[in-house]
Asks: 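The structure is given below, and queries will be raised subsequently.
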There are 2 protein chains.
Amino acid sequence: MVERLDATFGALADPTRRAMLASLALGERSIGELAAPHAMSFAGASKHVRMLERAGLVERRKAGRTQLCRLDPRALAEADAWLRQWEHFWTARLDALEQIIAERKDR
Amino acid sequence: MVERLDATFGALADPTRRAMLASLALGERSIGELAAPHAMSFAGASKHVRMLERAGLVERRKAGRTQLCRLDPRALAEADAWLRQWEHFWTARLDALEQIIAERKDR
DNA sequence: GGGTTATTAAACCTTATGGTTGAACGACTC
DNA sequence: GAGTCGTTCAACCATAAGGTTTAATAACCC
């Protein structure tokens, strides 16, 4: 599961891929539809899709000559579960932290 | 904020750095203390700390000849907020989610 | 001042990322 | 069968990541 988190967070560390996921949240998309909004070659966008797929964030199926992609949320859920380990840091202790930062700024 | 998410997710995409964050969750740590558990040169570990710092996940202050690092959870909170956009994909409890978001907004 | 300790910097190596272009392949259209 | 459309592959380039080693800096101890 460690490598899975590596791949998931790595895949999320790019705005093009995050935008693709946002598009996939609305429904299935072909590679071309995923690529279109981005000022980038088709082949470049295709590589991003492959990275999403290798990270397990996206499943694809053939439909004629196009490939339809669908969001697989399980890896996202794992990443979110990992992040929530620290949830109490940004709820209970965020106030205290901001106080410290404010004090530093005063200097 | 887009670049911030890039940096945050990029920083999280490495098990060494995630382990460092877990250590920092227990309290302040020096660079040496963060580096010790990892089978890696000191300089290598120091680079990881610098990446955490550049991503805004860690703050440091000088304490004599050592540097003490502390977790700054705000970027983690942003990353988690982004991930939770898809929460309804992995749970059926959309109502509960919106309640949590509404509560957070009130603060 | 001299030695030790904590940390960074510099130089280097290897591999991965993010991007390009151009050719190739498979499926549809006619 | 010929052309076109969606997609991938291969080769290439530039830059960043992840690691090393050796030297340099800065603070403490005596």
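By convention in this document, chain letters (A, B, ...) are assigned in the order of the sequence lines, proteins followed by strands, and residues within each chain are numbered from 1.
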Asks: What do the steps show when you test Arg60(A) against Ile31(A) for side chain to side chain contact (heavy atoms under 4.5 Å, CB included), and what is the final call?
Replies: CA-CA 9 Å; Arg60(A) 74 170 74 185; Ile31(A) 311 277; 3.9 Å; yes
Asks: Which heavy-atom pair separates Leu52(A) from Ala11(A) by the least distance, and what is that distance?
Replies: CD2-CB, 4.2 Å
Asks: Using a 4.0 Å heavy-atom cut-off, does Gly64(A) contact any base of the nucleic acid, only the sugar-phosphate backbone, or nothing at all?
Replies: sugar-phosphate
Asks: Given side chain to side chain contact (heavy atoms under 4.5 Å, CB included), test His48(B) with Met40(B) step by step and report yes or no.
Replies: CA-CA 11 Å; His48(B) 280 301; Met40(B) 174 184 311; 3.8 Å; yes
Asks: For the pair Phe9(A) and Trp82(A), name the ring-plane relationship: parallel under 30°, tilted 30 to 60°, perpendicular over 60°.
Replies: perpendicular
Asks: Are Arg84(A) and Arg84(B) side-chain neighbours, meaning at least one heavy-atom pair lies under 4.5 Å?
Replies: yes
Asks: Within residues 48-62 of chain A, find the residues that approach DNA chain D with a heavy atom at under 4.0 Å, and present them sorted by residue number.
Replies: Arg50(A), Arg60(A)
Asks: Does a side-chain N or O from Arg65(A) land closer than 4.0 Å to OP1 or OP2 of dC25(C), or not?
Replies: no
Asks: Between Ala43(A) and Ser46(B), name the one whose nearest nucleotide on DNA chain C is closer to the 5' end.
Replies: Ser46(B)
Asks: Would you find a donor on one side and an acceptor on the other, under 3.5 Å apart, between the side chain of Thr91(A) and the backbone of Glu87(A)?
Replies: yes
Asks: Starting from the 5' end of DNA chain C, give me the residue, Ala63(A) or Gly10(A), whose nearest nucleotide shows up first.
Replies: Gly10(A)
Asks: Roughly how many Å is it from CD in Gln67(A) to P in dC25(C), rounded to a whole number?
Replies: 17 Å
Asks: Once you round it to whole Å, what is the distance between P of dT17(C) and CZ of Arg17(A)?
Replies: 8 Å
Asks: With a 4.0 Å cut-off on N to O distance, would you call Arg18(B) and Asp14(B) a salt bridge?
Replies: no
Asks: So Glu78(B) and Arg4(B), do their side chains get closer than 4.5 Å, heavy atoms only?
Replies: yes
Asks: List in numerical order all residues of residues 22-41 of chain A for which some heavy atom is under 4.0 Å away from an atom belonging to DNA chain C.
Replies: Met40(A), Ser41(A)
Asks: Counting C-beta onward and ignoring hydrogens, is there a side-chain heavy-atom pair between Met51(A) and Arg17(A) closer than 4.5 Å?
Replies: yes
Asks: Tell me: NZ of Lys47(A) to P of dA16(C), nearest whole Å?
Replies: 13 Å
Asks: Where does the chain B footprint on DNA chain D start and end, counting 5' to 3' with a 4.0 Å heavy-atom cut-off?
Replies: dG18(D) to dC28(D)
Asks: State which residue, out of Val49(A), Asp72(A), Thr8(A), fulfils the side-chain contact (heavy atoms from CB on, under 4.5 Å) condition with Leu57(A).
Replies: Thr8(A)
